[in-house]
Amino acid sequence: MSFFDSLLLNSIFIVLPICFYLLVMLKKRNNNSFNLLIPLACFTAMYLVFRYSIVIEGLKSMFFINVPLIILIVYRKKYSTLLASLFIIFFYYYLFSFSLYFLVIEYMIYFIIFYILKIKNKSFEFKLNVFIFIKGIILTIIFVKNGNTTSYLFFYQFCNLIIFYLVTMVIVYAIERGEDIVKYNNVLQELEKEKILKSSLFKITHEVKNPLAVCKGYLSMINLDDYNKSKRYIDIISSEINRTLDIMDNFSMYTKIKINKDIMDMSYLIEDVISSVKLILDDNNIEVLYNGPDEVLMNGDYNRLKQVLINVIKNSNEAMNGKGKINILLKPRKKYVNLFISDNGKGIEPSDLKKLGELFYSSKDKGCGIGVALSMEIVKLHDGQMKYSSVLGKGTTVMIKLPK
């Protein structure tokens, strides 16, 4: 098999599981599933390379097994990275009789650098460069130790490193672009849901207004001296009132909120929300800064809390006229998680601040007055608190307190 055939074969083995991951993302849009899908796709790719490619191509394929490992590092899957490292060490030792001592040291170095030394927030390119640099040093030491110092061998391994770098760049770029598309579609769906909700509220208002107008008209026509005619009017009014109550009952059932709690990572949720709204915020020249731990586990409804955070950030976006900054601060405590979302927008009038949370009350010209109310209700169902503070002309801060 030629060099290019080997390259194509390995690329297919790695790309196929990643494509499957992206297709599932497009269909399910379930963030809790995404935490399992990336490691699953990476381990599937590793198995395919080991099972079919390395057996055929031997040492020509040794670099490609590290591509899924880099992806796991980029997506900060600590335990999956550790498991993948052990997987690679075992098969390098089993198939090629590499020095177990050097293998353990090499992959321990990767784990220490990317997870112990706290550089995991660096860019993907930086992580890949560090990985390539260490891999090159380790290979050089192994070749010199084994007496393999021919210029051809060094040149061949150098070419492999470059190809590994390019293949990894292309695959991660494809994943990131695919996720951007998914998140952008999710934001569009959220906006479409909001549009449908506003339309529904308008229809409900119209439906409620009609029977009330009928009641008002017949009440003005009631003459206490004419009992028979008044009784007929009262029957009509009673019927219209019952119709109004039926409409409101149906609306109440439509807006009933259900909470399905599960173990979730609050830090991951915040990063997911930021990624989801990034395109819209970038269009408005709004910068988002997040400060908090890398992992905060708690019991909550991921999708409902995501709805709350998107609504808060959306309101901050609308409060700033084309340019501004949103600061997100996550402070975990012993029993609670405190989340602060601040903007430097126009702020809220004190009179409006007191009425925040009232259903159908809105200070915006085109607001329906339901977003904040529903957000507060979701937080309340989590046994938490949601409070607004604002200084007119300087900005607004939303404090969300949730039990762990």
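Throughout, numbering of the chain's residues begins at 1 and tracks the sequence. Any value given below was found using the heavy atoms of this structure, including those in side chains, with hydrogens, waters and symmetry copies removed.
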Worksheet entry | Pairs where residues 330-346 contributes a residue and the test side-chain hydrogen bond (donor to acceptor under 3.5 Å, both in side chains) is met, not counting sequence neighbours |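 Sorted pair list: Ser316-Asp343, Ser342-Thr397.
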
Fill in: side-chain hydrogen bond (donor to acceptor under 3.5 Å, both in side chains) partners for Asn299, two or more places apart
none

How about [atom1] on [X], more than 12 heavy atoms from neighbouring residues, nucleotides or ligands closer than 6.0 Å, or not?
{"X": "Lys387", "atom1": "NZ", "result": "no"}
{"X": "Lys380", "atom1": "NZ", "result": "no"}
{"X": "Phe90", "atom1": "CZ", "result": "yes"}

Flag, side chain of [X] to backbone of [Y], donor-acceptor distance under 3.5 Å:
{"X": "Asn66", "Y": "Leu69", "answer": "no"}
{"X": "Thr396", "Y": "Ser390", "answer": "no"}
{"X": "Asn260", "Y": "Asp301", "answer": "no"}

Practice prompt. Only counting residues at least two apart or in another chain, list the ones meeting salt bridge (charged side-chain N to carboxylate O under 4.0 Å, His left out) with Lys278.
Written response: Asp282

Discussion item. Set out, in order, the CA-CA distance, both residues' side-chain angles and the distance that settles side-chain hydrogen bond (donor to acceptor under 3.5 Å, both in side chains) for Tyr110 and Thr81, then state yes or no.
Written reply: CA-CA 10 Å; Tyr110 297 143; Thr81 300; over 6 Å; no

Worksheet entry | Check against side-chain hydrogen bond (donor to acceptor under 3.5 Å, both in side chains), Asp272 and Tyr302 | CA-CA 11 Å; Asp272 184 25; Tyr302 188 99; 2.9 Å; yes

Practice prompt. For the residue pair Asp294 and Ser267, confirm or rule out a side-chain donor-acceptor distance under 3.5 Å.
Written response: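 Side-chain D/A pair, Asp294 to Ser267: absent.
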
